[in-house]
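Letters A, B, ... mirror the listed sequences (proteins, then strands); counts begin at 1.
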Amino acid sequence: MRALKNIWYMAAWAEEIQPGELFHRTLLEQHILFFRDGTGAVKAIGNRCPHRFAPLHLGKQVGDAVECRYHGLRFGADGQCVFNPQGNGAIPRAATVPAYATVERYGVVWIWMGDPDRANREVLPQFPILEPADYAVGHGYLKAKAHYELESDNIMDLSHIEFLHPLFSTEAVRRGKTESAQEGDIVWSKRFITDDTLPSFLEEIFGLEPGTPADRWLDCRWQAPALIELYSGATPTGRPREEGREAPSVHFFTPETERTTHYFYGMCCPRSSGGAMADEIARMQTEAVREPFMTEDLPVVEGQQQMIGDVDFWSLKPVLLPGDAGAGRARRVLERRIAAEEAAG
Amino acid sequence: MRALKNIWYMAAWAEEIQPGELFHRTLLEQHILFFRDGTGAVKAIGNRCPHRFAPLHLGKQVGDAVECRYHGLRFGADGQCVFNPQGNGAIPRAATVPAYATVERYGVVWIWMGDPDRANREVLPQFPILEPADYAVGHGYLKAKAHYELESDNIMDLSHIEFLHPLFSTEAVRRGKTESAQEGDIVWSKRFITDDTLPSFLEEIFGLEPGTPADRWLDCRWQAPALIELYSGATPTGRPREEGREAPSVHFFTPETERTTHYFYGMCCPRSSGGAMADEIARMQTEAVREPFMTEDLPVVEGQQQMIGDVDFWSLKPVLLPGDAGAGRARRVLERRIAAEEAAG
Amino acid sequence: MRALKNIWYMAAWAEEIQPGELFHRTLLEQHILFFRDGTGAVKAIGNRCPHRFAPLHLGKQVGDAVECRYHGLRFGADGQCVFNPQGNGAIPRAATVPAYATVERYGVVWIWMGDPDRANREVLPQFPILEPADYAVGHGYLKAKAHYELESDNIMDLSHIEFLHPLFSTEAVRRGKTESAQEGDIVWSKRFITDDTLPSFLEEIFGLEPGTPADRWLDCRWQAPALIELYSGATPTGRPREEGREAPSVHFFTPETERTTHYFYGMCCPRSSGGAMADEIARMQTEAVREPFMTEDLPVVEGQQQMIGDVDFWSLKPVLLPGDAGAGRARRVLERRIAAEEAAG
């Protein structure tokens with residue numbers, strides 16, 4: 001499939017990959033096997049044995065290698081065959097699987113989907129709201145039957161929350177002022193709503209007395225390939241942001257295939273406000289949004305994919321509204337970078 | 001898919017589209033949304049929002065417009081966007097969906113699948129057996145996983161009833177005389193069976209004493225795209241038709257996709273004979289044929305489609321029997337008209 | 001699909017085709033109908049009626065012919081229409097379905113998938129271990145979602161039993177000496193393991209005292225299209241083969257489609273050793289291997305197919321190990337013969 005390769009994608013939440021267990025996931029149509037070596041580091045290699053193409057995830061981990069269930073070949077974290085139980089035990093030079101660079105950070109397993117030699121830990125994005133010392137973060141996951149850019153569009157234009165999500169919204173959303181901005185390849189899509197009355201779920205999150213007229217912001221920060229931080233907060237109307245409380249969240253999308261997406265999301269609770277309860281709060285909020293994500297967003301996003309079918313998104317000439325500016329910029333940045341990567345070979 | 005466009009298709013039974021409710025159906029591979037306006041008139045528009053391509057049927061009706069569930073755009077019955085809740089509310093000129101001409105008549109919602117400007121109410125076929133003053137009509141519906149012409153073939157050659165349908169048939173069917181005729185683009189496929197003994201289900205319908213030797217006719221009248229009236233009746237052997245009773249029925253087929261078909265059927269009970277019971281009789285007879293249609297016809301017709309697979313029907317060189325004459329004529333009329341429409345651009 | 005045509009394939013176990021019952025199976029992507037004529041002989045014809053393409057298996061057998069459920073045409077074992085109940089009963093010359101040559105031997109129904117005129121009973125392979133007078137044979141069947149050559153590879157390289165099948169194996173398998181040989185188009189893939197201790201399931205089969213150090217052989221004899229005899233036996237270590245006991249088995253594969261396979265297998269118990277219990281022993285052993293075949297082999301073989309996807313097996317450049325020699329030879333024989341058949345037109 002067409003996608004940016006030389007960049008970090010989110011592969012999994014760290015706890016999805018347990019010591020001694022093989023974990024497999026398809027990313028960008030590549031079958032990948034994950035496991036932890038003796039030091040606990042996550043390793044990722046191709047899931048297809050080069051001998052007879054059996055899926056390696058049916059096998060087992062032996063030391064720092066993975067043993068194929070079919071004929072017992074073992075592969076190390078660098079993708080090289082390290083043991084051949086058959087015959088004289090000679091290891092054919094070609095007995096290798098791809099090895100992927102990975103980094104575990106922020107409770108997230110990141111994977112570099114392009115040339116491993118170009119994998120650069122330095123370009124791993126920084127996410128202050130995922131810093132464990134400062135934030136507790138819930139870990140949510142959904143699989144969507146839709147192209148991943150339909151998912152990032154969904155977050156980048158939050159005008160939909162008024163129509164889709166009674167839990168998060170009020171009629172005032174539509175009155176919101178929107179603004180998009182670009183800093184290099186970072187795209188902001190911001191929404192600011194004044195003098196609103198929030199649903200009680202949000203009043204609680206933002207620490208507002210029931211019925212307090214409030215000013216609310218919803219600022220999305222996108223970066224390639226489809227990593228979005230959402231800064232959502234509120235103050236009593238007219239008060240400066242510094243006095244308000246923010247409930248940030250992350251929304252990271254990784255294509256599984258051309259038409260299916262891994263959606264990783266997490267609510268982030270500042271330890272400064274959550275205190276001893278921060279982890280529990282983040283977990284509960286993340287759990288709370290699962291229901292609307294599943295029953296409200298998913299049918300729409302998967303419905304979009306069905307209505308689009310096989311054709312190119314742009315070929316259908318989508319009508320553009322002002323609120324689409326941010327999503328449009330993100331799509332253009334991504335398109336430019338993919339084209340550049342393709343041009344570079 | 002290849003199909004005649006500038007013609008009326010049956011879209012639904014009238015009661016399938018209830019006031020205040022959105023109804024959607026795919027016809028000729030086009031996703032269509034139906035609703036009733038304030039006057040009760042059925043309206044049909046494209047089901048794909050032109051903004052982000054969400055399916056409009058997930059939304060709701062607001063006055064005479066449909067509101068998209070995703071971002072709140074509203075579309076009127078003419079397909080124009082009539083309300084944009086976002087930003088300054090400006091409505092982009094391109095914010096339109098296709099609008100389809102519809103007519104509600106005979107308890108049927110008809111839709112014109114081609115150029116709406118050419119939609120002509122005058123060319124809507126007349127069906128005397130669907131006139132509410134004269135006939136009570138049952139409303140049946142099935143979905144078949146087969147090309148719609150396999151379905152119209154099924155009705156146009158009723159020799160199969162002897163083999164498929166114990167309820168409707170006797171061995172005498174095969175002795176029937178068949179005849180096909182054409183009046184312009186109307187195709188008749190007629191079958192006449194003399195001196196038969198009918199199953200009790202039919203004796204009751206035709207008002208014959210049990211065991212009466214009977215003459216029976218089964219006359220199908222096809223017109224494009226796939227609208228068939230079936231005039232089925234009987235008299236005691238040797239008596240003129242005028243003395244007999246007729247149980248007409250309609251069989252209207254509309255392609256959903258190249259390989260799936262909406263099958264609308266209805267038994268028609270003359271009010272002259274059915275009296276106060278006519279509606280109940282029509283309903284019960286229509287209900288009674290559902291079982292054989294589902295368990296006897298459907299496996300064969302869907303089996304045909306499976307055996308045909310992806311290839312063109314004619315490329316398999318079907319063996320032609322005399323009873324196929326009517327179905328063959330219907331196929332040729334349709335082919336000629338589709339070709340003419342394509343040639344006209 | 002690409003496959004050898006002018007050769008005998010296994011179509012079914014004899015008892016799958018019962019007198020008076022229609023049996024249908026897809027072989028090499030051809031839909032085939034089987035039935036027994038009045039003499040009990042198995043007949044095979046195309047399952048698609050040439051009239052309207054209804055599947056004949058929905059119909060019924062009438063004498064030595066099959067009646068189409070749709071319009072009552074009947075077809076004899078030679079594929080000719082023998083009866084037309086419609087109209088004047090004339091039988092169109094083109095009303096034929098393909099007829100396939102079949103032979104019933106060894107409790108197996110064999111079918112010739114190419115030119116029936118070239119069907120040659122003389123080239124039907126001989127299988128001494130299926131001779132009813134000498135062996136009792138269990139009849140097993142599985143359907144696999146994988147190309148049939150992945151299945152024959154599976155048998156031709158039995159090094160996998162150590163990793164997949166605790167029931168059949170010990171660690172000594174990997175120490176086995178392998179050898180492949182070719183006699184014309186017959187390919188042998190042999191494995192010999194000395195000084196092993198066998199699992200109790202095998203000790204019982206081979207008549208060894210518990211814990212006896214044993215020498216074991218696993219010799220596979222392949223012939224086109226994918227018919228494998230597996231000669232598995234053991235003796236106390238150092239004793240000549242003649243003193244041991246052998247538990248042969250057959251593994252016959254017939255493609256259903258490019259990616260699905262009929263797998264017929266059977267354990268063969270020599271009447272000389274099994275005596276009055278031979279049939280029961282063969283039945284029980286065949287039943288016993290169903291579980292490992294289903295739960296151990298099948299996930300791997302179907303997993304291979306998923307990992308291979310749509311691409312050609314060789315294009316993925318499988319790494320070759322010494323144990324693959326036999327399977328590789330078999331693949332090359334088959335490829336050469338298919339190419340020759342294609343070249344011959």
Side-chain angles (χ1 to χ4, degrees), chain A residues 146-147 149-166 169-180 191-193 292 295-325 327-328 331, chain B residues 1 22-33 44-62 65-76 79-99 256-260:
Chain A
H147 191 277
E149 288 184 280
L150 295 176
E151 284 286 1
S152 44
D153 289 350
N154 174 266
I155 304 297
M156 290 293 275
D157 177 8
L158 290 170
S159 64
H160 76 265
I161 65 176
E162 175 178 338
F163 301 95
L164 271 181
H165 305 305
S169 193
T170 68
E171 208 189 348
V173 172
R174 74 175 65 179
R175 292 189 283 101
K177 290 196 171 52
T178 60
E179 187 190 320
S180 93
R191 184 169 294 267
F192 185 61
I193 305 143
T295 63
E296 292 165 3
D297 285 297
L298 211 58
V300 168
V301 175
E302 296 187 343
Q304 289 178 280
Q305 183 66 63
Q306 288 165 28
M307 292 290 125
I308 291 171
D310 279 333
V311 306
D312 176 66
F313 177 82
W314 292 111
S315 75
L316 294 175
K317 299 191 179 139
V319 167
L320 299 179
L321 300 182
D324 297 316
R331 279 180 174 264
Chain B
M1 66 172 294
L22 300 179
F23 179 81
H24 68 107
R25 186 163 266 165
T26 298
L27 307 176
L28 284 69
E29 297 182 348
Q30 297 179 39
H31 303 296
I32 304 177
L33 183 77
I45 60 175
N47 191 23
R48 186 174 72 196
C49 180
H51 171 224
R52 289 277 139 174
F53 314 130
L56 291 176
H57 76 263
L58 297 176
K60 64 181 175 188
Q61 185 171 350
V62 179
V66 172
E67 179 178 297
C68 180
R69 177 114 170 91
Y70 203 3
H71 300 97
L73 294 182
R74 294 182 192 164
F75 298 88
Q80 298 296 315
C81 179
V82 294
F83 179 63
N84 169 12
Q86 313 282 341
N88 66 0
I91 293 174
R93 193 183 290 251
T96 65
V97 289
E256 180 186 56
T257 66
E258 187 70 34
R259 306 250 194 101
T260 54

Would you indicate whether the side-chain heavy atoms of B:Leu73 and A:Val319 approach each other to under 4.5 Å?
no
Heavy-atom contact with chain A under 4.5 Å, split by part of B:His31
side chain
Look at A:Leu150, A:Ile161, A:Asn154 and state which one has the largest set of heavy-atom pairs under 4.5 Å with chain B.
A:Asn154
Let me know if A:Lys177 has heavy atoms under 4.5 Å from chain B in its side chain, its backbone, both or neither.
neither
What part of B:Asn88 is in contact with chain A, defined as an atom under 4.5 angstrom from a non-hydrogen atom: side chain, backbone, both or neither?
neither
Is any side-chain heavy atom of B:Pro92 less than 4.5 Å from a side-chain heavy atom of A:Leu321?
yes
Do side-chain atoms of B:Arg69 reach the backbone of A:Phe163 as a donor and acceptor pair under 3.5 angstrom?
yes
Shortest non-hydrogen pair, A:Met307 vs B:Arg48, comes out as O-NH1, 3.2 Å
Any idea which of B:Gly87, B:Ala54, B:Gly59 has the most non-hydrogen atom pairs under 4.5 angstrom with chain A?
B:Ala54
Within a strict 4.5 Å, meaning less than it, do heavy atoms of the B:Arg52 and A:Asp324 side chains meet?
yes
Taken to the nearest 0.5 Å, the spacing of B:Phe53 CZ from A:Asp153 CG works out to 10.0 Å
Using atom types as modelled and distance alone, determine if a side-chain donor or acceptor of B:Gln86 lies under 3.5 Å from a backbone N or O of A:Pro322.
no
Who wins among A:Ile308, A:Asp297, A:Thr178, A:Val173 for the most heavy-atom pairs under 4.5 Å with chain B?
A:Ile308
